Amino acid sequence: MVGEKIKFNGGKWTVPDNPSILFASGDGIGPEVSASAKMITDAAVSKSYAKSKRIEWIDIEIGEAAEKRYGNGITESAKKMLTEYRVLLKGPLTTPVGSGSRSFNVAIRMLLDLYANIRPVRYIKGIESPIKRPENVDMVIFRENTDDIYRGIEWRYDSKEAERLREILKRDFKVDLEADTGIGIKPISRMKTERITRMAMNYAITNRRRSITIMHKGNIMKYTEGAFREWAYGIAKSPEFADRVVIESEMTAGASVEGKILINDRIADNMMQQIITRPESYDVILAPNLDGDYISDEAGALIGNISVLGSANIGDTGGMFEAAHGSVPKYAGMDLANPMGMIKAAELMLTFMGWNDAADRISKAVDRAISDRTVTADIAKYMGVKPMGTKAFTQVIIDNINGVTNATPSSAP
(Lines give C-alpha, C1' and ligand atoms only; values in the text may rest on other atoms or scores of the structure.)
Protein backbone atom coordinates (compact mmCIF):
# COMPACT_ATOMS: atom_id res chain seq x y z
CA MET A 1 0.00 0.00 0.00
CA VAL A 2 1.10 3.58 -0.63
CA GLY A 3 1.04 5.86 2.38
CA GLU A 4 1.02 9.64 2.78
CA LYS A 5 3.95 11.80 3.78
CA ILE A 6 4.18 13.34 7.24
CA LYS A 7 4.10 17.12 6.94
CA PHE A 8 5.73 19.77 9.10
CA ASN A 9 4.63 23.31 9.88
CA GLY A 10 6.58 25.43 12.35
CA GLY A 11 8.10 22.33 13.90
CA LYS A 12 4.69 20.69 14.41
CA TRP A 13 3.96 17.29 12.90
CA THR A 14 0.87 16.64 10.79
CA VAL A 15 0.56 12.88 10.65
CA PRO A 16 -1.91 11.10 8.36
CA ASP A 17 -3.53 7.81 9.38
CA ASN A 18 -1.28 5.93 6.93
CA PRO A 19 2.10 7.69 7.13
CA SER A 20 5.01 6.63 4.94
CA ILE A 21 8.11 6.18 7.12
CA LEU A 22 11.59 5.21 5.96
CA PHE A 23 13.16 2.11 7.48
CA ALA A 24 16.92 1.37 7.45
CA SER A 25 17.97 -1.93 9.02
CA GLY A 26 21.54 -0.83 9.84
CA ASP A 27 24.84 -2.68 10.25
CA GLY A 28 26.03 -5.43 12.60
CA ILE A 29 23.13 -6.38 14.89
CA GLY A 30 21.03 -3.70 13.18
CA PRO A 31 18.95 -5.99 10.94
CA GLU A 32 17.89 -8.09 13.95
CA VAL A 33 17.06 -5.31 16.41
CA SER A 34 15.44 -3.00 13.84
CA ALA A 35 13.25 -5.84 12.52
CA SER A 36 12.17 -6.44 16.13
CA ALA A 37 11.28 -2.77 16.59
CA LYS A 38 9.29 -2.66 13.38
CA MET A 39 7.26 -5.76 14.29
CA ILE A 40 6.54 -4.40 17.76
CA THR A 41 5.56 -0.99 16.39
CA ASP A 42 3.11 -2.58 13.99
CA ALA A 43 1.66 -4.72 16.80
CA ALA A 44 1.18 -1.69 19.08
CA VAL A 45 -0.40 0.41 16.32
CA SER A 46 -2.74 -2.44 15.39
CA LYS A 47 -3.77 -3.01 19.02
CA SER A 48 -4.34 0.69 19.69
CA TYR A 49 -6.07 1.73 16.49
CA ALA A 50 -7.30 -1.50 14.87
CA LYS A 51 -7.58 -0.75 11.15
CA SER A 52 -7.89 3.03 11.45
CA LYS A 53 -4.14 3.69 11.51
CA ARG A 54 -1.21 1.95 9.86
CA ILE A 55 2.44 2.73 9.08
CA GLU A 56 3.57 2.15 5.51
CA TRP A 57 7.27 1.29 5.76
CA ILE A 58 9.65 2.18 2.93
CA ASP A 59 12.99 0.35 2.97
CA ILE A 60 16.09 2.46 2.39
CA GLU A 61 19.65 1.09 2.14
CA ILE A 62 22.20 3.06 4.16
CA GLY A 63 25.53 2.06 5.70
CA GLU A 64 28.07 -0.69 5.13
CA ALA A 65 25.96 -2.72 2.70
CA ALA A 66 25.33 0.33 0.53
CA GLU A 67 29.01 1.29 0.67
CA LYS A 68 30.07 -2.18 -0.49
CA ARG A 69 27.47 -2.29 -3.26
CA TYR A 70 27.58 1.28 -4.53
CA GLY A 71 30.83 2.67 -3.13
CA ASN A 72 28.85 5.14 -1.02
CA GLY A 73 27.08 4.53 2.28
CA ILE A 74 24.50 7.19 1.47
CA THR A 75 23.84 7.32 -2.27
CA GLU A 76 22.24 10.23 -4.08
CA SER A 77 19.11 8.08 -4.40
CA ALA A 78 19.05 7.55 -0.64
CA LYS A 79 19.54 11.27 -0.03
CA LYS A 80 16.58 12.00 -2.30
CA MET A 81 14.39 9.59 -0.34
CA LEU A 82 15.52 11.09 2.97
CA THR A 83 14.73 14.65 1.90
CA GLU A 84 11.40 13.57 0.44
CA TYR A 85 9.98 11.56 3.37
CA ARG A 86 12.03 13.10 6.22
CA VAL A 87 11.13 10.56 8.94
CA LEU A 88 13.36 7.52 9.49
CA LEU A 89 13.51 4.58 11.89
CA LYS A 90 17.13 3.47 11.63
CA GLY A 91 19.18 0.58 12.95
CA PRO A 92 22.71 1.26 14.27
CA LEU A 93 25.38 2.11 11.70
CA THR A 94 29.12 1.45 11.95
CA THR A 95 31.50 4.42 11.97
CA PRO A 96 35.20 3.63 11.32
CA VAL A 97 37.69 4.90 13.91
CA GLY A 98 40.70 6.96 12.82
CA SER A 99 40.18 6.61 9.06
CA GLY A 100 37.61 5.67 6.44
CA SER A 101 34.19 7.18 5.87
CA ARG A 102 32.76 9.76 8.26
CA SER A 103 29.71 9.01 10.37
CA PHE A 104 26.60 8.22 8.32
CA ASN A 105 24.55 9.21 11.36
CA VAL A 106 26.05 12.69 11.34
CA ALA A 107 25.57 12.93 7.57
CA ILE A 108 21.82 12.24 7.94
CA ARG A 109 21.49 14.71 10.81
CA MET A 110 23.18 17.39 8.71
CA LEU A 111 21.16 16.53 5.58
CA LEU A 112 17.80 16.88 7.37
CA ASP A 113 19.01 19.52 9.85
CA LEU A 114 18.05 17.33 12.80
CA TYR A 115 19.55 19.69 15.31
CA ALA A 116 18.36 18.12 18.56
CA ASN A 117 19.34 14.70 19.83
CA ILE A 118 16.81 13.90 22.55
CA ARG A 119 17.51 10.99 24.86
CA PRO A 120 15.20 10.16 27.77
CA VAL A 121 17.01 8.18 30.48
CA ARG A 122 14.71 6.63 33.07
CA TYR A 123 15.47 3.70 35.36
CA ILE A 124 13.43 0.57 34.64
CA LYS A 125 12.79 -1.46 37.78
CA GLY A 126 14.47 -4.85 37.65
CA ILE A 127 17.64 -3.87 35.78
CA GLU A 128 20.79 -4.03 37.89
CA SER A 129 22.44 -0.63 38.24
CA PRO A 130 25.93 0.28 39.50
CA ILE A 131 24.56 3.08 41.72
CA LYS A 132 22.71 2.85 45.04
CA ARG A 133 19.51 4.69 44.09
CA PRO A 134 18.91 4.19 40.37
CA GLU A 135 15.22 4.97 40.85
CA ASN A 136 16.31 8.63 41.12
CA VAL A 137 17.49 8.64 37.51
CA ASP A 138 14.88 10.35 35.32
CA MET A 139 16.59 12.71 32.88
CA VAL A 140 16.00 13.96 29.37
CA ILE A 141 19.13 15.07 27.53
CA PHE A 142 18.96 17.66 24.74
CA ARG A 143 22.22 17.44 22.81
CA GLU A 144 22.87 19.97 20.04
CA ASN A 145 23.33 17.80 16.97
CA THR A 146 24.74 19.85 14.08
CA ASP A 147 27.51 22.05 15.51
CA ASP A 148 30.76 21.55 17.41
CA ILE A 149 33.54 19.18 16.36
CA TYR A 150 31.03 16.81 14.75
CA ARG A 151 31.09 19.16 11.76
CA GLY A 152 34.24 17.23 10.86
CA ILE A 153 36.37 20.29 10.11
CA GLU A 154 39.85 18.87 10.73
CA TRP A 155 43.13 18.09 9.01
CA ARG A 156 45.83 15.45 9.58
CA TYR A 157 49.05 16.71 11.14
CA ASP A 158 51.06 15.95 7.97
CA SER A 159 48.59 17.44 5.47
CA LYS A 160 49.31 20.56 3.41
CA GLU A 161 46.20 22.17 4.90
CA ALA A 162 47.43 21.65 8.48
CA GLU A 163 50.85 23.01 7.56
CA ARG A 164 49.28 26.10 6.00
CA LEU A 165 47.01 26.68 9.00
CA ARG A 166 49.97 26.39 11.39
CA GLU A 167 51.79 29.01 9.34
CA ILE A 168 48.78 31.36 9.38
CA LEU A 169 48.31 30.93 13.12
CA LYS A 170 51.99 31.67 13.76
CA ARG A 171 52.24 34.62 11.36
CA ASP A 172 48.90 36.35 12.00
CA PHE A 173 47.93 35.32 15.53
CA LYS A 174 51.29 34.57 17.24
CA VAL A 175 50.14 31.01 17.98
CA ASP A 176 53.07 28.64 17.55
CA LEU A 177 52.02 25.00 17.15
CA GLU A 178 54.36 22.02 16.91
CA ALA A 179 55.00 20.72 13.39
CA ASP A 180 53.33 17.40 14.20
CA THR A 181 50.04 18.96 15.31
CA GLY A 182 46.74 17.96 13.72
CA ILE A 183 44.13 20.72 13.65
CA GLY A 184 40.38 20.68 14.21
CA ILE A 185 37.89 23.52 14.37
CA LYS A 186 35.11 23.69 16.97
CA PRO A 187 32.28 25.90 15.67
CA ILE A 188 29.36 26.80 17.94
CA SER A 189 26.86 29.31 16.62
CA ARG A 190 24.34 31.53 18.33
CA MET A 191 21.46 30.53 16.04
CA LYS A 192 21.97 26.81 16.62
CA THR A 193 22.31 27.28 20.37
CA GLU A 194 19.18 29.37 20.60
CA ARG A 195 16.99 27.02 18.59
CA ILE A 196 17.85 23.92 20.64
CA THR A 197 17.40 25.93 23.85
CA ARG A 198 13.97 26.95 22.64
CA MET A 199 13.09 23.32 21.91
CA ALA A 200 14.29 22.21 25.35
CA MET A 201 12.31 25.01 27.01
CA ASN A 202 9.11 24.10 25.20
CA TYR A 203 9.62 20.43 26.04
CA ALA A 204 10.15 21.20 29.73
CA ILE A 205 7.03 23.37 29.86
CA THR A 206 4.81 20.90 27.97
CA ASN A 207 5.98 17.91 30.02
CA ARG A 208 6.01 19.71 33.38
CA ARG A 209 9.70 19.11 34.06
CA ARG A 210 11.38 20.63 37.11
CA SER A 211 14.60 22.13 35.79
CA ILE A 212 16.97 22.66 32.88
CA THR A 213 20.72 22.46 33.46
CA ILE A 214 23.03 23.99 30.84
CA MET A 215 26.14 21.78 30.62
CA HIS A 216 29.34 23.40 29.29
CA LYS A 217 33.10 23.80 29.64
CA GLY A 218 32.88 27.57 29.34
CA ASN A 219 35.60 28.20 31.91
CA ILE A 220 38.14 26.94 29.35
CA MET A 221 36.42 27.25 25.96
CA LYS A 222 35.07 30.71 26.65
CA TYR A 223 33.96 31.72 23.15
CA THR A 224 32.41 28.40 22.12
CA GLU A 225 30.99 26.53 25.11
CA GLY A 226 31.03 29.68 27.20
CA ALA A 227 29.00 31.37 24.49
CA PHE A 228 26.65 28.36 24.44
CA ARG A 229 25.95 29.02 28.11
CA GLU A 230 25.35 32.75 27.59
CA TRP A 231 23.08 32.29 24.57
CA ALA A 232 21.06 29.57 26.32
CA TYR A 233 20.50 31.83 29.33
CA GLY A 234 19.51 34.60 26.92
CA ILE A 235 16.65 32.52 25.53
CA ALA A 236 15.52 31.43 29.01
CA LYS A 237 15.41 35.07 30.17
CA SER A 238 13.72 36.36 27.00
CA PRO A 239 10.09 37.60 27.07
CA GLU A 240 9.13 34.28 25.44
CA PHE A 241 9.92 32.34 28.61
CA ALA A 242 10.78 34.82 31.40
CA ASP A 243 7.51 34.34 33.30
CA ARG A 244 7.90 30.54 33.23
CA VAL A 245 11.40 30.25 34.71
CA VAL A 246 13.51 31.02 37.76
CA ILE A 247 17.26 31.54 37.25
CA GLU A 248 19.21 29.81 40.01
CA SER A 249 21.93 32.49 40.23
CA GLU A 250 19.30 35.23 40.59
CA MET A 251 17.23 33.58 43.28
CA THR A 252 16.78 35.54 46.48
CA ALA A 253 16.49 33.87 49.85
CA GLY A 254 13.20 32.04 50.12
CA ALA A 255 12.27 32.49 46.45
CA SER A 256 9.82 29.85 45.29
CA VAL A 257 10.19 27.81 42.10
CA GLU A 258 6.72 26.30 42.43
CA GLY A 259 5.04 26.17 39.05
CA LYS A 260 8.19 27.35 37.31
CA ILE A 261 11.27 25.76 35.74
CA LEU A 262 14.59 26.22 37.51
CA ILE A 263 17.38 27.19 35.07
CA ASN A 264 20.99 26.65 36.09
CA ASP A 265 24.34 25.64 34.60
CA ARG A 266 27.18 23.32 35.52
CA ILE A 267 30.77 22.91 34.34
CA ALA A 268 30.97 19.68 32.32
CA ASP A 269 33.57 17.79 34.37
CA ASN A 270 31.84 18.65 37.64
CA MET A 271 28.50 17.60 36.23
CA MET A 272 29.89 14.26 35.03
CA GLN A 273 30.48 13.24 38.64
CA GLN A 274 27.37 14.91 40.03
CA ILE A 275 24.93 12.84 37.94
CA ILE A 276 26.50 9.80 39.65
CA THR A 277 26.54 11.13 43.21
CA ARG A 278 23.16 12.90 43.10
CA PRO A 279 21.22 12.10 39.93
CA GLU A 280 17.98 13.40 41.46
CA SER A 281 19.35 16.94 41.00
CA TYR A 282 19.16 16.66 37.21
CA ASP A 283 16.05 16.69 35.09
CA VAL A 284 16.43 18.21 31.60
CA ILE A 285 20.04 18.61 30.49
CA LEU A 286 20.98 20.97 27.63
CA ALA A 287 24.44 20.44 26.17
CA PRO A 288 26.67 21.17 23.17
CA ASN A 289 27.31 18.26 20.83
CA LEU A 290 30.43 16.70 22.35
CA ASP A 291 29.42 17.20 25.99
CA GLY A 292 25.98 15.84 25.13
CA ASP A 293 27.54 12.71 23.66
CA TYR A 294 29.53 12.06 26.83
CA ILE A 295 26.71 12.76 29.29
CA SER A 296 24.18 10.69 27.33
CA ASP A 297 26.24 7.52 27.57
CA GLU A 298 27.18 8.13 31.19
CA ALA A 299 23.52 8.62 32.07
CA GLY A 300 22.76 5.34 30.30
CA ALA A 301 25.33 3.59 32.48
CA LEU A 302 23.55 4.85 35.61
CA ILE A 303 20.51 2.72 34.84
CA GLY A 304 22.70 -0.31 34.21
CA ASN A 305 22.46 -0.85 30.46
CA ILE A 306 22.77 1.59 27.56
CA SER A 307 21.20 -0.99 25.24
CA VAL A 308 17.76 -0.21 26.70
CA LEU A 309 17.85 3.41 25.51
CA GLY A 310 16.51 4.96 22.33
CA SER A 311 17.16 8.43 21.00
CA ALA A 312 15.34 10.89 18.76
CA ASN A 313 17.06 13.22 16.31
CA ILE A 314 14.62 16.06 15.70
CA GLY A 315 14.53 19.18 13.57
CA ASP A 316 11.80 21.53 12.48
CA THR A 317 11.10 19.45 9.37
CA GLY A 318 12.03 15.86 10.15
CA GLY A 319 13.04 13.14 12.57
CA MET A 320 15.37 10.14 12.80
CA PHE A 321 14.93 7.55 15.53
CA GLU A 322 17.65 5.11 16.58
CA ALA A 323 19.06 3.06 19.43
CA ALA A 324 21.60 4.72 21.69
CA HIS A 325 24.14 1.92 21.16
CA GLY A 326 26.36 1.01 18.21
CA SER A 327 26.28 -1.81 15.66
CA VAL A 328 28.19 -4.41 17.80
CA PRO A 329 29.24 -6.50 14.76
CA LYS A 330 30.68 -9.37 16.85
CA TYR A 331 27.13 -10.41 17.81
CA ALA A 332 25.60 -9.98 14.36
CA GLY A 333 23.32 -12.80 13.23
CA MET A 334 23.57 -14.72 16.51
CA ASP A 335 20.05 -14.00 17.87
CA LEU A 336 21.64 -12.59 21.04
CA ALA A 337 21.19 -8.84 20.74
CA ASN A 338 18.90 -6.89 23.04
CA PRO A 339 16.46 -4.94 20.80
CA MET A 340 15.20 -2.67 23.58
CA GLY A 341 17.14 0.36 22.35
CA MET A 342 15.46 0.14 18.94
CA ILE A 343 12.11 -0.61 20.57
CA LYS A 344 12.46 2.52 22.69
CA ALA A 345 13.43 4.47 19.57
CA ALA A 346 10.20 3.34 17.93
CA GLU A 347 8.30 4.35 21.07
CA LEU A 348 9.81 7.83 20.80
CA MET A 349 8.84 8.00 17.13
CA LEU A 350 5.23 7.19 17.96
CA THR A 351 5.26 9.88 20.65
CA PHE A 352 6.44 12.53 18.18
CA MET A 353 3.76 11.34 15.76
CA GLY A 354 1.14 11.92 18.46
CA TRP A 355 0.23 8.23 18.54
CA ASN A 356 0.57 8.19 22.31
CA ASP A 357 -1.63 5.20 23.04
CA ALA A 358 0.57 2.93 20.91
CA ALA A 359 3.72 4.41 22.46
CA ASP A 360 2.35 3.79 25.96
CA ARG A 361 1.55 0.18 25.09
CA ILE A 362 5.17 -0.40 24.08
CA SER A 363 6.48 1.23 27.26
CA LYS A 364 4.26 -0.91 29.48
CA ALA A 365 5.06 -4.07 27.51
CA VAL A 366 8.79 -3.51 28.01
CA ASP A 367 8.37 -2.77 31.73
CA ARG A 368 6.35 -5.95 32.11
CA ALA A 369 8.97 -8.06 30.31
CA ILE A 370 11.64 -6.87 32.73
CA SER A 371 9.33 -7.31 35.73
CA ASP A 372 8.60 -10.87 34.55
CA ARG A 373 12.35 -11.42 34.04
CA THR A 374 11.81 -12.44 30.43
CA VAL A 375 14.93 -10.74 29.08
CA THR A 376 17.90 -11.11 26.75
CA ALA A 377 21.33 -12.32 27.83
CA ASP A 378 22.81 -8.92 28.74
CA ILE A 379 20.17 -8.47 31.45
CA ALA A 380 19.47 -12.14 32.27
CA LYS A 381 23.01 -12.71 33.58
CA TYR A 382 22.35 -10.23 36.41
CA MET A 383 18.92 -11.67 37.18
CA GLY A 384 20.05 -15.30 37.33
CA VAL A 385 17.49 -16.39 34.73
CA LYS A 386 17.70 -18.20 31.43
CA PRO A 387 18.28 -15.67 28.63
CA MET A 388 15.98 -15.21 25.68
CA GLY A 389 17.12 -14.67 22.12
CA THR A 390 16.25 -11.56 20.14
CA LYS A 391 13.36 -13.22 18.33
CA ALA A 392 11.89 -14.80 21.45
CA PHE A 393 12.12 -11.52 23.36
CA THR A 394 10.39 -9.73 20.50
CA GLN A 395 7.52 -12.18 20.73
CA VAL A 396 7.29 -11.62 24.48
CA ILE A 397 6.85 -7.87 23.92
CA ILE A 398 4.22 -8.49 21.23
CA ASP A 399 2.39 -10.89 23.56
CA ASN A 400 2.53 -8.28 26.33
CA ILE A 401 1.05 -5.69 23.98
CA ASN A 402 -1.74 -8.09 23.07
CA GLY A 403 -2.38 -9.12 26.68
CA VAL A 404 -1.11 -12.68 26.35
CA THR A 405 0.07 -14.22 29.64
CA ASN A 406 3.69 -15.42 29.70
CA ALA A 407 5.27 -17.78 32.20
CA THR A 408 8.13 -16.57 34.38
CA PRO A 409 11.43 -18.01 33.07
CA SER A 410 13.28 -20.65 35.03
CA SER A 411 16.56 -19.90 36.78
CA ALA A 412 19.66 -20.07 34.70
CA PRO A 413 21.56 -23.38 34.90
Side-chain angles (χ1 to χ4, degrees), residues 25-44 46-47 89 91-92 120-135 137-138 297 299-311 322-348 358-413:
S25 59
D27 304 324
I29 61 172
E32 298 165 83
V33 296
S34 56
S36 168
K38 184 165 74 168
M39 291 171 61
I40 287 166
T41 301
D42 286 340
S46 177
K47 185 67 175 178
L89 180 65
V121 183
R122 176 182 64 85
Y123 176 65
I124 302 174
K125 187 176 181 180
I127 296 179
E128 183 171 330
S129 165
I131 63 174
K132 291 181 178 179
R133 295 180 296 278
E135 65 278 5
V137 179
D138 184 4
D297 280 12
L302 298 183
I303 65 170
N305 195 327
I306 193 173
S307 68
V308 306
L309 296 178
S311 67
E322 60 188 348
H325 58 74
S327 60
V328 203
K330 68 179 181 179
Y331 293 130
M334 299 174 65
D335 193 36
L336 292 174
N338 184 349
M340 279 181 58
M342 279 302 301
I343 295 168
K344 284 293 184 179
E347 178 190 326
L348 276 169
D360 189 54
R361 287 182 189 276
I362 291 176
S363 179
K364 289 178 178 177
V366 168
D367 287 355
R368 179 183 166 188
I370 293 172
S371 177
D372 290 346
R373 304 195 301 167
T374 49
V375 293
T376 49
D378 56 329
I379 299 175
K381 63 184 178 182
Y382 297 112
M383 291 184 171
V385 297
K386 185 177 179 180
M388 309 194 81
T390 309
K391 294 177 181 176
F393 179 76
T394 301
Q395 190 57 54
V396 164
I397 301 298
I398 292 172
D399 288 346
N400 288 349
I401 288 170
N402 291 324
V404 177
T405 301
N406 292 295
T408 302
S410 59
S411 298

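Computed from a predicted model, the values in this text were never measured in an experiment. Residue numbers start at 1 and run along the sequence shown.
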Side-chain donor/acceptor pairs under 3.5 Å, residues 126-135, sequence neighbours excluded:
from: Ser129; atom 1: OG; to: Ile131; atom 2: N; distance (Å): 3.2
from: Ser129; atom 1: OG; to: Leu302; atom 2: O; distance (Å): 2.5

Is any side-chain heavy atom of Leu89 closer than 4.5 Å to a side-chain heavy atom of Glu322?
no
Report the distance from atom CD of Gln395 to atom CG of Asn400, rounding to the nearest 0.5 Å.
10.0 Å
Sub-4.5 Å side-chain heavy-atom contact between Val33 and Pro92
yes
When rounded to the nearest 0.5 angstrom, what distance separates OG in Ser36 from CE in Met340?
10.5 Å
Measure the spacing between NZ of Lys391 and CD of Glu32 and express it to the nearest 0.5 Å.
7.5 Å
Heavy-atom closest contact (Ile370 atom, Val375 atom, distance)
CA-CG1, 4.0 Å
Taking only residues two or more places apart in sequence, or in another chain, which ones meet Thr376 in a side chain to side chain contact (heavy atoms under 4.5 Å, CB included)?
Asn338, Pro339, Asp378, Phe393
Taking all non-hydrogen atoms of both residues, which atom of Lys47 and which atom of Arg361 are closest, and how far apart?
CG-NH1, 3.6 Å
Is Val396 close to Met388 at the side-chain level, that is, under 4.5 Å between some pair of heavy atoms?
yes
Val121 vs Leu309, side-chain contact (heavy atoms from CB on, under 4.5 Å): CA-CA, chis, key distance, verdict:
CA-CA 7 Å; Val121 183; Leu309 296 178; 4.0 Å; yes
Expected output: side-chain Ser34 to main-chain Ser25 donor-acceptor under 3.5 Å:
yes
Sole residue of Met334, His325, Met342 in side chain to side chain contact (heavy atoms under 4.5 Å, CB included) with Ile29
His325
Which heavy atom in Pro387 sits nearest to a heavy atom in Ala377, and how many Å separate them?
CB-CA, 3.5 Å
Identify whether the distance between the nearest side-chain nitrogen and carboxylate oxygen of Asp367 and Arg122 falls below 4.0 Å.
yes
So which atom in Ala345 and which in Ala323 form the shortest heavy-atom distance, rounded to 0.1 Å?
CB-N, 4.1 Å
Could Asp42 and Lys38 be called an ion pair, given the rule that one side-chain N must be under 4.0 Å from one carboxylate O?
no
May I have all residue pairs that pass salt bridge (Lys or Arg N to Asp or Glu O under 4.0 Å) and include part of residues 301-311, sequence neighbours excluded?
none
Let me confirm one number: the CG-CD1 distance from Leu348 to Ile343, rounded to the nearest 0.5 Å.
12.5 Å
Separation between CD1 of Ile362 and CD1 of Ile401, rounded to the nearest 0.5 Å
5.5 Å
Does Ala324 offer a backbone N or O that forms a donor-acceptor pair with the side chain of Ser311 under 3.5 Å?
no
Rounded to the nearest 0.5 Å, what separates atom CD1 in Ile398 from atom CD1 in Ile40?
5.5 Å
Check: Asp335 side chain, Thr390 main-chain N or O, donor-acceptor pair, under 3.5 Å:
yes
